[in-house]
Amino acid sequence: MNIQNSFKELSSSFRDPSGHLFTKDGILYRSVASSYREHYDYAKESGFYKSLIDSKSLVSHNEVDVQADSETYKVIRPEIIPFISYPYEWCFGELKDAALLTLKIQKQALEANMTLKDASAFNVQFLDGKPIFIDTLSFEKYEEGSTWIGYRQFCQHFLAPLSLMSYKDLHLGQLSRIFIDGIPLELASSILPFKTMFKFSIASHIHLHAKAQKKFSTKTKATPRKISKRNLLALIDSLESAIKKLHLKKQDTEWQDYYNNTNYSSDAFVKKESIISKFLDIAKPKIVWDLGANSGAFSRIASDMGIKTMSFDIDPVAVESNYIESKRLGEKNILPLILDLTNPSSGIGWAGDERMSLEGRGKADMVLALALVHHLAISNNLPFRKIAEYFSRLCDNLVIEFVPKSDSQVERLLATRKDIFTHYDEESFEKEFEKYFAIEVKESVVGSERKLYLMSKKDS
Amino acid sequence: MIIIMKFLKHQTGFIGAVLILLCVFVYPLTAEAYIDPGTGSVIIQAVIASIAVVGIYFRVIWRRAAGLFMYFSSKKKKAQEAKKEAIETNPIKSDEHTEQL
């Protein structure tokens, strides 16, 4: 049997030689390298893995009998995450919770005489509404006196973006999209306001840290250091306190008053909810992507029905409020994420596919595109044909709302520009979408001039 | 020590001075990693950890002192409340006491 042909290694799994992720017959596995045997056995036999899995801090796994290459000690089958999301798609609260989870795990690891050998934000995912660590092989036996290898990575992946979002601008979290191994501390230090020089946590972990990195950047010989476990735990405490102290500024965005300034009467809102609920009953999707979800009011119709729902919005404040609500209600089926649909997450990293594009993580069984089409067609000059074509790549079923020109939201968009959208009408909308989708149901929203459609993708 | 000497040579300011002073508490050890821990990051984490551990000690001392203060002040308050309650619940006795005076 040719092993190389039957195994498909994941493009994101190449940095750590301790093991690799691969799929075989569509099932995800993780190989444990022989060189990692000592650490794996220690984590398993000491009960460390079990304690992390029991506290839902680490994805569970089973050892399986799957043939791999000669360098492999064992093969494990990890628990599946329904949707892989990336740090640049998380809101402030999600990144903060992921950072606190990483530190909590590092503390637990040190107590168990192990340590995290990296601190990449990509090692955290969201499962059932909570962050969870996914890299089972990120741990190694702790050597008395060793420093935390992942310290630099933690500061770059978590502390720098969170500080920038907290002290400067919420949108600076998007820097993580450009800098795949975390925001360079020198850059973070130069952007952060001067007052942060007087905050011990930021002054030390970012400003002083950046200076030290620069000072020793030309040093060719590694300088190993010794640090006691007591001091290491104090360092983790210091980072934990720094992260906990970071909060969002009260920010106003164009969307915050959306629900107060919408074209819906409360009756129309209830009617819209009942139509969406009916469409969900008809299509019975297992995975829904709500594109332009705002704070997730309509996503919750799907998630409350037990459907795994990704609730995307361009506005980080709306996503933040969605996440806060999901935490408050203890919701397990909704995942709020930041997405600019006019520039969706593309494949990035090595060879452009280390981190997957949005489309690469699909398809969704259903896409909700509510009160969205006018923003795409008018604000972004997208022809209906292009919108329909892209949506047909993302889903099998589409719930879409058509917002006519007479609607005050469209009038607002056209108020400051010339109306060049002569084909922006219901007839053209249906004609273009019918090239890719079949219109299954069309409903008028009583109390507004908007229309809701349930469409299914045509076989190509 | 070599690092310290180099630092002394190129010392540019306060930050450098703090680094040199605190590097004295740090000792060499061989480490292996699949990611680059960064020389500067390794040195600075040892420095910050040393400061953080001192901070923790101060915090513990402060909390104990505050706890002790709270204990004595609550004891004093309790004694005062008990005295006040005794006067309120047994006014005759306190009247008698007043009469005796």
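By convention in this document, chain letters (A, B, ...) are assigned in the order of the sequence lines, proteins followed by strands, and residues within each chain are numbered from 1.
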- Item | Interchain contact, B:Ile56 with chain A, by part (heavy-atom threshold 4.5 Å) | side chain
- Tell me, side chain or backbone of A:Ser238 under 4.5 Å from chain B's heavy atoms, or both, or neither? side chain
- Item | Proximity breakdown for A:Asp237 and chain B, heavy-atom pairs closer than 4.5 Å | side chain
- Message: Could you tell me if A:Asp16 and A:Tyr36 have a donor-acceptor pair between their side chains, going purely by distance under 3.5 Å?
- Response: no
- Query: Do B:Ser41 and A:Gln213 meet the criterion of a side-chain donor-acceptor pair at a distance under 3.5 Å?
  - Reply: yes
- Message: Rounded at 0.5 Å granularity, tell me how far CD1 in A:Ile202 sits from OH in A:Tyr167.
- Response: 5.0 Å
- Query: So, A:Tyr49 versus A:His61, ring centres under 6.0 angstrom or not?
  - Reply: yes
- Query: Centres of the A:Phe48 and A:Tyr42 rings: under 6.0 Å?
  - Reply: no
- Query: What's the verdict on side chain to side chain donor-acceptor pair (under 3.5 Å) for A:Ser166 and A:His247, showing C-alpha distance, side-chain angles and the deciding distance?
  - Reply: CA-CA 6 Å; A:Ser166 175; A:His247 297 285; over 6 Å; no
- By residue number, those in residues 59-80 of chain B with heavy atoms under 4.5 Å from heavy atoms of chain A are none
- Does a side-chain heavy-atom distance below 4.5 Å link A:Ile149 with B:Tyr34? no
